[in-house]
J.: 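One structure is given below, represented as structure tokens, and several questions about it will come after.
Treat the numbers as computed from the prediction; the structure is a model and nothing was measured. Protein chains get the first letters and strands the later ones, always in sequence-line order, with residue 1 at the start of each.
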Amino acid sequence: METAIRVEGLFKTFQSGWVRRRRLPVLRDLRLAIPAGTIFGILGPNGAGKTTLISILATLLLPDAGMVEVLGLDVRRQAAKVRRRINLASGAAKFVWSLTVLENLRFYGHLYGLWGRQLAVRVEEMVALFELQEYRHSPFETLSSGLKQRLALAKALISRPELLFLDEPTNGLDPIAAQHSREEILRLNRQTGVTIILTTHNLREAEQLCQEVGFLGEGRILAQGSIRALQTQLGLGDRVILEGAGPLPRLAYQQLPGVLRCRQNETHLELILDHSDSRLPLVIQEINQAGGLIRAIRVEAADLEDLFREFSR
Amino acid sequence: MSLVAEAVKAWAFAARGGIMNCRNVFAVLEMLFWPLVGLFSVGLLTRFLDLGPATVSFVLIGSVAMNTVQIAQLDVSYALLYDVWAKSLKHGFIAPIHVIHVILGSGLVGFIRGLVVFIVMLALSIWAFGMDLRQAGWLGLTIFFLGLFLVAVIEGVLVLSLVLLFGHRAEITAWAISYLVLLLAGLYYPVTLLPVSLQAVAQLIPLTHFMEYFRSFYGFPVSASAPLARGFLLSLAYLAAGYGLITVSLRRARQRGTLLKLSE
């Protein structure tokens, strides 16, 4: 599979103050590879460096050291070429207040060299795609948060990017607007094949959208993979509590496939399973074969916040 | 790289500046109200002081120059300040543009607005205070305006660089910088009245030479020979230096994260 992003040994430290210099290291020896065509999530707590990383990839920020390739191009030496092929939308979208939806889209279209009929057609496509027809002449400052976000996505796609950066794309949206935005993002990826890299601290959003995530902490990627794979790696999974009609047999549950942890008293068995749907039938079968009788089963889906806490620790 | 595509990128800033100016009452005030207040207050002062026609022209040339430069310079500065105020700066700089697109596009709006102010103020100077423009002729007027416009672009580029370097703290320079330059360039007085050390500084300002060139049509001496050549050569040097400075400032803004800070 082609690689959209390749990062090796990336360092970034912010310096502030003209007289008394203050140094704030944000990224330290970061390594990352992201396959093309996927939706990749960069997760991490506030201040972990998600926006810094995405800004370096988007050529808005220069790295101090390290190799950073975007679509096979070096972000330092070939930044202009990178910019032609990428775009970005942020949560809490902000554009010039008194320009209308159409004027904003035309302005950013012009910045990518689009003009005349080509620009007019593209603007209309974006207006239709994001259902902004009714608001085409509305100034940006009069739009609701959801509409602003749709305009931000429309602006980000006006240049037909091969790689789209979404920095906390549902930040500040109400739950319905946030869900709508997520559906748009999924649709875009499926329809156009655009690689999408998004930052979020919303794990459920990451689970819904991303084929793969990288967890950012201490200035580097602490783990990378699917949410499920990361849960397994940390021993975080679905919690299953089996209540016996009488004493439950003491078996080597830990040896069964998919069992991450196990705790048992006389009548209760608590298991952490990587996938409760597929693993539980075997556990029940083992208990039945050993003469145990189950009275009740309770399944609690994996708490994604646990994953977050575990990595943030 | 298509030339049309590059022109379109510059046009983006011109079109946006145009829309913002047409839609903003403050922009109309800025263009007509304050310049007229300035012109009339200075013109009436010359009447009170009972100055002769040549001296009145000398003073009015200063007033015309001040307002033309300020308006044209503000449009160049606004090219980035709109984005700074809207916190949308990063969206411009993630696009495949260069600072030259920003300067050319905003410079076009500054040229048009500056020209309107220049024409209106000269017309009022003739009508209200009897200034005689025939002495300078069309060529003299055209060269004088071009000189003022170049000074405005240089000041605008300096403001853009300072905004990229220092962020919001540099916004005030958009308004302050032209006053400082005008003070040193002999706004309402010959630069020979300045302290000697400042006279040397005045010689390094192109506006000094452009104003002296235009005032020479009214019989006033120039402080250095060949004022036009000096004015244009200095302007070219400052434009080149300004271009270098803004390129470095943008690079530094990408290093220090200023583009992000100004978008939060």
J.: Under the criterion ring pair (Phe, Tyr, Trp, His ring centres under 6.0 Å), I'd like the reasoning laid out for B/F210 against B/F149: C-alpha separation, chi angles, the key distance, then a yes or no.
T.: CA-CA 11 Å; B/F210 291 129; B/F149 175 67; over 10 Å; no

J.: Quick one, B/F13 with B/I103, criterion side-chain contact (heavy atoms from CB on, under 4.5 Å). Give me CA distance, side-chain angles, the key distance, then yes/no.
T.: CA-CA 8 Å; B/F13 291 94; B/I103 297 167; over 6 Å; no

J.: Looking only at heavy atoms, what is the nearest atom pair of B/A152 and B/V69, with distance?
T.: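 Looks like CB-O, 3.6 Å.
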
J.: Who pairs with B/L234 by side-chain contact (heavy atoms from CB on, under 4.5 Å), at least two apart in sequence or on another chain?
T.: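 Result, side-chain contact (heavy atoms from CB on, under 4.5 Å) vs B/L234: B/P206, B/H209, B/Y238.
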
J.: For the CG atom of A/L216 and the CD1 atom of A/I221, what is their distance to the nearest 0.5 Å?
T.: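 Here the rounded value is 5.0 Å.
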
J.: Answer with side chain, backbone, both or neither: which region of B/I94 has an atom nearer than 4.5 Å to a non-hydrogen atom of chain A?
T.: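 Interface part for B/I94: both.
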
J.: Using side chain to side chain contact (heavy atoms under 4.5 Å, CB included) as the criterion, point out the one residue from B/L148, B/L39, B/L182 that pairs with B/M66.
T.: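 It is B/L182; the other options fail the test.
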
J.: What's the verdict on side-chain contact (heavy atoms from CB on, under 4.5 Å) for B/V159 and B/I177, showing C-alpha distance, side-chain angles and the deciding distance?
T.: CA-CA 8 Å; B/V159 172; B/I177 218 159; 4.1 Å; yes

J.: Is there a side-chain contact between B/L260 and A/L61 (heavy atoms, below 4.5 Å)?
T.: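 Side-chain contact under 4.5 Å: yes.
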
J.: Quick one: what part of A/F95 sits under 4.5 Å from any heavy atom of chain B, side chain, backbone, both or neither?
T.: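 When you check distances to chain B, atoms from both the backbone and side chain of A/F95 fall under 4.5 Å.
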
J.: At a cut-off of 3.5 Å, what donor and acceptor atoms pair up between chain B and chain A?
T.:
| residue | atom | partner | partner atom | Å |
| --- | --- | --- | --- | --- |
| B/R23 | NH1 | A/S98 | O | 2.9 |
| B/R23 | NH1 | A/E103 | OE1 | 2.7 |
| B/R23 | NH2 | A/E103 | OE1 | 3.4 |
| B/R23 | NH2 | A/E103 | OE2 | 2.7 |
| B/K90 | NZ | A/S90 | OG | 2.9 |
| B/H91 | ND1 | A/K155 | NZ | 3.0 |
| B/R254 | O | A/L62 | N | 2.8 |
| B/R254 | NH1 | A/T59 | O | 2.8 |
| B/Q255 | O | A/K12 | NZ | 2.6 |

J.: What part of A/I56 gets closer than 4.5 Å to chain B, counting heavy atoms only: side chain, backbone, both or neither?
T.: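 Neither part.
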
J.: Would you call B/L122 and B/L141 a side-chain contact if the rule is heavy atoms closer than 4.5 Å?
T.: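 When only atoms from C-beta onward are counted, B/L141 and B/L122 do touch, with a gap below 4.5 Å.
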
J.: For B/Y179, what residues pass the ring-ring contact (aromatic ring centres under 6.0 Å, His included) criterion, not counting sequence neighbours?
T.: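 B/Y179: no ring-ring contact (aromatic ring centres under 6.0 Å, His included) contacts found.
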
J.: Any idea which heavy atoms bring B/A12 and A/L111 closest together, and the distance?
T.: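 Shortest heavy-atom contact: CB-CD2, 3.6 Å.
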
J.: Quick one: what part of A/A80 sits under 4.5 Å from any heavy atom of chain B, side chain, backbone, both or neither?
T.: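 Just the backbone, heavy atoms under 4.5 Å.
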
J.: Using a heavy-atom distance cut-off of less than 4.5 Å, which residues of residues 113-120 of chain B contact chain A?
T.: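 When heavy atoms of chain A are the reference, residues 113-120 of chain B contributes no residue within the under-4.5 Å range.
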
